[in-house]
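For reference, the structure is listed below as C-alpha coordinates.
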Amino acid sequence: DTGVSQDPRHKITKRGQNVTFRCDPISEHNRLYWYRQTLGQGPEFLTYFQNEAQLEKSRLLSDRFSAERPKGSFSTLEIQRTEQGDSAMYLCASSFNPKTGGRTDTQYFGPGTRLTVL
Amino acid sequence: GENVEQHPSTLSVQEGDSAVIKCTYSDSASNYFPWYKQELGKRPQLIIDIRSNVGEKKDQRIAVTLNKTAKHFSLHITETQPEDSAVYFCAASRGNSGYALNFGKGTSLLVTP
(Lines give C-alpha, C1' and ligand atoms only; values in the text may rest on other atoms or scores of the structure.)
Protein backbone atom coordinates (compact mmCIF):
# COMPACT_ATOMS: atom_id res chain seq x y z
CA ASP A 1 0.00 0.00 0.00
CA THR A 2 1.62 3.26 -1.12
CA GLY A 3 -0.86 5.57 0.62
CA VAL A 4 -0.51 7.44 3.89
CA SER A 5 -0.39 5.03 6.83
CA GLN A 6 -0.99 5.65 10.52
CA ASP A 7 -0.29 3.61 13.60
CA PRO A 8 -2.01 2.60 15.77
CA ARG A 9 -5.48 2.62 14.25
CA HIS A 10 -7.12 2.63 17.66
CA LYS A 11 -5.89 3.70 21.08
CA ILE A 12 -7.72 3.53 24.38
CA THR A 13 -6.06 5.23 27.31
CA LYS A 14 -6.86 6.50 30.77
CA ARG A 15 -7.04 10.17 31.54
CA GLY A 16 -3.63 11.56 32.47
CA GLN A 17 -1.63 9.10 30.39
CA ASN A 18 0.62 10.09 27.48
CA VAL A 19 0.02 8.74 23.98
CA THR A 20 2.03 8.89 20.77
CA PHE A 21 0.82 8.36 17.23
CA ARG A 22 2.85 7.77 14.11
CA CYS A 23 2.22 8.84 10.51
CA ASP A 24 4.08 7.59 7.45
CA PRO A 25 3.39 9.85 4.45
CA ILE A 26 3.35 8.86 0.82
CA SER A 27 6.92 8.28 -0.25
CA GLU A 28 8.68 11.50 -1.33
CA HIS A 29 5.88 13.75 -0.11
CA ASN A 30 7.62 16.66 1.55
CA ARG A 31 4.60 18.19 3.26
CA LEU A 32 2.83 16.55 6.19
CA TYR A 33 -0.25 17.69 8.09
CA TRP A 34 -2.07 16.66 11.25
CA TYR A 35 -5.81 17.16 11.71
CA ARG A 36 -8.27 16.20 14.41
CA GLN A 37 -11.85 15.09 13.65
CA THR A 38 -14.62 14.69 16.19
CA LEU A 39 -17.92 12.96 15.52
CA GLY A 40 -20.14 14.87 13.13
CA GLN A 41 -17.53 17.53 12.38
CA GLY A 42 -15.06 18.22 9.62
CA PRO A 43 -11.34 17.76 10.22
CA GLU A 44 -9.67 20.60 12.15
CA PHE A 45 -6.11 21.60 11.28
CA LEU A 46 -3.48 21.08 13.99
CA THR A 47 -0.05 21.52 12.42
CA TYR A 48 1.98 21.31 9.22
CA PHE A 49 5.56 20.33 8.29
CA GLN A 50 7.58 21.19 5.22
CA ASN A 51 10.27 18.50 5.29
CA GLU A 52 11.45 18.50 8.94
CA ALA A 53 10.43 22.08 9.70
CA GLN A 54 7.17 22.71 11.57
CA LEU A 55 5.90 25.80 9.79
CA GLU A 56 2.35 26.23 10.98
CA LYS A 57 0.55 25.46 14.24
CA SER A 58 -3.09 25.92 15.12
CA ARG A 59 -4.16 27.46 18.39
CA LEU A 60 -5.89 24.11 18.94
CA LEU A 61 -2.43 22.64 19.53
CA SER A 62 -2.13 23.24 23.25
CA ASP A 63 1.08 22.86 25.25
CA ARG A 64 0.16 19.22 25.88
CA PHE A 65 0.49 18.45 22.17
CA SER A 66 3.80 18.13 20.38
CA ALA A 67 4.59 16.97 16.87
CA GLU A 68 7.89 16.08 15.27
CA ARG A 69 9.19 15.05 11.89
CA PRO A 70 12.88 14.57 12.65
CA LYS A 71 14.15 13.31 9.31
CA GLY A 72 11.53 14.77 7.05
CA SER A 73 9.86 11.40 6.55
CA PHE A 74 7.53 9.94 9.22
CA SER A 75 5.99 12.13 11.90
CA THR A 76 4.85 11.57 15.48
CA LEU A 77 2.14 13.36 17.43
CA GLU A 78 2.34 13.12 21.21
CA ILE A 79 -0.38 14.11 23.65
CA GLN A 80 0.69 14.44 27.25
CA ARG A 81 -1.64 14.16 30.24
CA THR A 82 -4.59 13.18 28.08
CA GLU A 83 -8.04 14.57 28.86
CA GLN A 84 -11.45 13.20 27.89
CA GLY A 85 -11.82 16.11 25.47
CA ASP A 86 -8.87 14.76 23.49
CA SER A 87 -11.00 11.82 22.34
CA ALA A 88 -11.18 12.13 18.57
CA MET A 89 -9.89 10.75 15.27
CA TYR A 90 -6.40 12.05 14.54
CA LEU A 91 -5.79 12.26 10.81
CA CYS A 92 -2.52 12.69 9.00
CA ALA A 93 -2.23 13.92 5.41
CA SER A 94 0.65 14.45 3.03
CA SER A 95 1.33 16.32 -0.20
CA PHE A 96 4.20 17.23 -2.50
CA ASN A 97 5.42 20.60 -3.68
CA PRO A 98 9.02 21.21 -4.75
CA LYS A 99 8.93 24.85 -3.66
CA THR A 100 8.80 26.52 -0.30
CA GLY A 101 5.71 28.65 -0.40
CA GLY A 102 3.50 28.58 -3.46
CA ARG A 103 0.08 27.11 -3.83
CA THR A 104 -1.78 24.55 -1.73
CA ASP A 105 -1.35 21.02 -3.02
CA THR A 106 -3.71 18.07 -2.98
CA GLN A 107 -3.62 16.55 0.47
CA TYR A 108 -3.97 12.77 0.76
CA PHE A 109 -5.28 11.50 4.05
CA GLY A 110 -4.38 8.47 6.10
CA PRO A 111 -6.94 6.19 7.79
CA GLY A 112 -6.56 7.97 11.12
CA THR A 113 -5.92 6.95 14.71
CA ARG A 114 -9.05 6.85 16.86
CA LEU A 115 -8.23 7.93 20.41
CA THR A 116 -10.57 7.19 23.30
CA VAL A 117 -9.69 8.70 26.67
CA LEU A 118 -11.52 7.06 29.59
CA GLY B 1 -9.26 32.93 10.70
CA GLU B 2 -11.10 31.29 7.83
CA ASN B 3 -14.69 30.19 8.48
CA VAL B 4 -16.30 27.73 6.06
CA GLU B 5 -20.02 27.12 6.28
CA GLN B 6 -21.67 24.18 4.51
CA HIS B 7 -25.31 23.48 3.71
CA PRO B 8 -27.35 21.39 3.96
CA SER B 9 -26.17 19.18 6.80
CA THR B 10 -28.21 16.25 5.47
CA LEU B 11 -29.50 15.57 1.98
CA SER B 12 -31.63 12.69 0.76
CA VAL B 13 -32.20 12.12 -2.95
CA GLN B 14 -33.52 9.34 -5.10
CA GLU B 15 -31.20 7.41 -7.34
CA GLY B 16 -30.76 9.23 -10.63
CA ASP B 17 -31.54 12.67 -9.21
CA SER B 18 -29.00 15.47 -8.81
CA ALA B 19 -27.51 16.61 -5.51
CA VAL B 20 -26.14 20.08 -4.75
CA ILE B 21 -24.08 21.05 -1.71
CA LYS B 22 -23.14 24.66 -1.05
CA CYS B 23 -20.31 26.27 0.91
CA THR B 24 -19.38 29.81 1.78
CA TYR B 25 -16.03 31.08 3.05
CA SER B 26 -14.96 34.22 4.82
CA ASP B 27 -11.28 34.73 3.92
CA SER B 28 -11.01 36.55 0.59
CA ALA B 29 -7.39 35.33 0.31
CA SER B 30 -8.54 31.70 0.00
CA ASN B 31 -7.68 30.36 -3.43
CA TYR B 32 -7.96 26.56 -3.25
CA PHE B 33 -11.22 24.71 -2.69
CA PRO B 34 -11.23 20.89 -2.49
CA TRP B 35 -14.13 18.56 -1.85
CA TYR B 36 -13.66 15.32 0.08
CA LYS B 37 -15.90 12.27 0.38
CA GLN B 38 -15.77 10.27 3.60
CA GLU B 39 -17.52 6.94 3.97
CA LEU B 40 -18.24 5.61 7.44
CA GLY B 41 -15.02 4.60 9.17
CA LYS B 42 -12.88 5.51 6.17
CA ARG B 43 -10.40 8.24 5.38
CA PRO B 44 -11.46 11.46 3.57
CA GLN B 45 -10.85 11.08 -0.17
CA LEU B 46 -10.49 13.96 -2.59
CA ILE B 47 -13.16 13.88 -5.29
CA ILE B 48 -12.60 17.21 -7.01
CA ASP B 49 -10.91 20.55 -6.37
CA ILE B 50 -10.91 24.00 -7.92
CA ARG B 51 -8.52 26.93 -7.80
CA SER B 52 -9.49 30.57 -7.80
CA ASN B 53 -8.42 31.19 -11.39
CA VAL B 54 -11.32 29.13 -12.79
CA GLY B 55 -15.05 29.33 -12.24
CA GLU B 56 -16.06 25.74 -12.95
CA LYS B 57 -14.55 22.28 -13.15
CA LYS B 58 -16.15 19.02 -14.16
CA ASP B 59 -15.19 15.38 -13.81
CA GLN B 60 -17.75 12.94 -15.18
CA ARG B 61 -20.81 13.17 -12.88
CA ILE B 62 -19.20 15.64 -10.50
CA ALA B 63 -18.79 19.39 -10.99
CA VAL B 64 -17.74 22.28 -8.81
CA THR B 65 -18.53 25.95 -9.35
CA LEU B 66 -16.82 28.90 -7.68
CA ASN B 67 -18.04 32.48 -7.28
CA LYS B 68 -15.15 34.46 -5.81
CA THR B 69 -17.11 37.69 -5.63
CA ALA B 70 -19.79 36.11 -3.47
CA LYS B 71 -17.28 33.81 -1.73
CA HIS B 72 -19.20 30.64 -2.31
CA PHE B 73 -18.63 27.37 -4.09
CA SER B 74 -20.85 24.39 -4.79
CA LEU B 75 -20.62 20.68 -5.52
CA HIS B 76 -22.98 19.19 -8.07
CA ILE B 77 -23.46 15.44 -8.43
CA THR B 78 -25.63 14.30 -11.32
CA GLU B 79 -27.24 10.89 -11.88
CA THR B 80 -26.67 9.93 -8.27
CA GLN B 81 -26.08 6.30 -7.36
CA PRO B 82 -26.41 4.51 -3.99
CA GLU B 83 -22.61 4.32 -3.76
CA ASP B 84 -22.52 8.13 -3.69
CA SER B 85 -23.98 7.91 -0.17
CA ALA B 86 -21.36 9.34 2.21
CA VAL B 87 -20.43 12.51 4.08
CA TYR B 88 -19.06 15.25 1.83
CA PHE B 89 -16.80 18.00 3.14
CA CYS B 90 -15.84 21.24 1.46
CA ALA B 91 -12.67 23.06 2.43
CA ALA B 92 -10.78 26.25 1.69
CA SER B 93 -7.10 27.17 1.86
CA ARG B 94 -5.04 30.30 1.30
CA GLY B 95 -1.88 28.69 -0.05
CA ASN B 96 1.42 30.60 0.10
CA SER B 97 2.09 30.83 3.83
CA GLY B 98 -1.09 29.07 4.96
CA TYR B 99 -1.65 25.50 3.82
CA ALA B 100 -4.20 24.44 6.38
CA LEU B 101 -7.45 23.16 4.93
CA ASN B 102 -10.38 24.75 6.73
CA PHE B 103 -13.28 22.34 6.48
CA GLY B 104 -17.02 22.77 6.60
CA LYS B 105 -19.05 20.60 8.97
CA GLY B 106 -20.05 18.16 6.27
CA THR B 107 -23.15 17.07 4.41
CA SER B 108 -24.50 13.57 4.90
CA LEU B 109 -25.82 12.46 1.50
CA LEU B 110 -28.18 9.49 1.25
CA VAL B 111 -29.10 8.16 -2.17
CA THR B 112 -32.05 5.81 -2.03
CA PRO B 113 -32.69 3.24 -4.78
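All of these numbers come straight from a predicted model, not from anything done at the bench. Just so we're on the same page: letters track the sequence lines, and every chain starts at 1.
More than 12 heavy atoms of other residues, nucleotides or ligands shown are found within 6.0 angstrom of CG on B/N53. Heavy atoms from other residues, nucleotides or ligands lying under 6.0 Å from CG of B/L40 number 12 at most. Within 6.0 Å of CD in A/E68 there are 12 or fewer heavy atoms belonging to other residues, nucleotides or ligands. Counting non-hydrogen atoms of other residues, nucleotides and ligands closer than 6.0 Å to CZ of A/R15 gives a total of 12 or fewer. Within 6.0 Å of the CD1 atom in A/I12, the count of heavy atoms belonging to other residues, nucleotides or ligands does not exceed 12. By the neighbour-count criterion of 12 heavy atoms within 6.0 Å, atom OH of B/Y25 is densely surrounded, having more than that number from other residues, nucleotides or ligands. Within 6.0 Å of the NZ atom in B/K68, the count of heavy atoms belonging to other residues, nucleotides or ligands exceeds 12.
Closest non-hydrogen pair, B/R43 versus A/G110, comes out as CB-O, 3.1 Å.
Hydrophobic clustering, with ILVMFWY side chains joined whenever heavy atoms are under 4.5 angstrom apart, groups B/F33 together with B/V4. When hydrophobic clusters are built by joining Ile, Leu, Val, Met, Phe, Trp and Tyr residues whose side-chain heavy atoms come closer than 4.5 Å, directly or via intermediates, A/F49 is not grouped with A/F74. Both B/V54 and B/I47 belong to a common hydrophobic cluster when Ile, Leu, Val, Met, Phe, Trp and Tyr are linked at side-chain heavy-atom distances under 4.5 angstrom.
Neither the backbone nor the side chain of B/P34 comes within contact range of chain A; no heavy atoms are under 4.5 Å apart. Interface remark: B/Q6 contributes no atoms to any contact with chain A (heavy atom separation under 4.5 Å). For A/Q37, the part lying under 4.5 angstrom from a heavy atom of chain B is the side chain only. With a 4.5 Å cut-off on non-hydrogen atoms, B/K42 does not touch chain A at all.
Looking at A/Y35, its side chain never comes within 3.5 Å of a backbone N or O of B/A100 through a donor-acceptor pair.
The side chain to side chain donor-acceptor pair (under 3.5 Å) search around A/N30 returns none, not counting sequence neighbours.
Counting only heavy atoms from C-beta outward, the side chains of B/Y32 and A/T106 approach each other to under 4.5 Å. Here the side chains of B/F103 and A/Q41 are not in contact, with every heavy-atom distance at 4.5 Å or above.
For residues 79-87 of chain B, heavy-atom neighbours of chain A at less than 4.5 Å comprise no residues at all.
Note: A/P43 leads A/S95, A/A93, A/P43, A/G42 in heavy-atom pairs under 4.5 Å with chain B.
Between B/Y99 and A/F45, the distance from one ring center to the other does not fall under 6.0 angstrom.
Within the model, atoms OH of A/Y48 and CG of B/L101 stand 11.5 Å from one another, a figure rounded to the nearest 0.5 Å.
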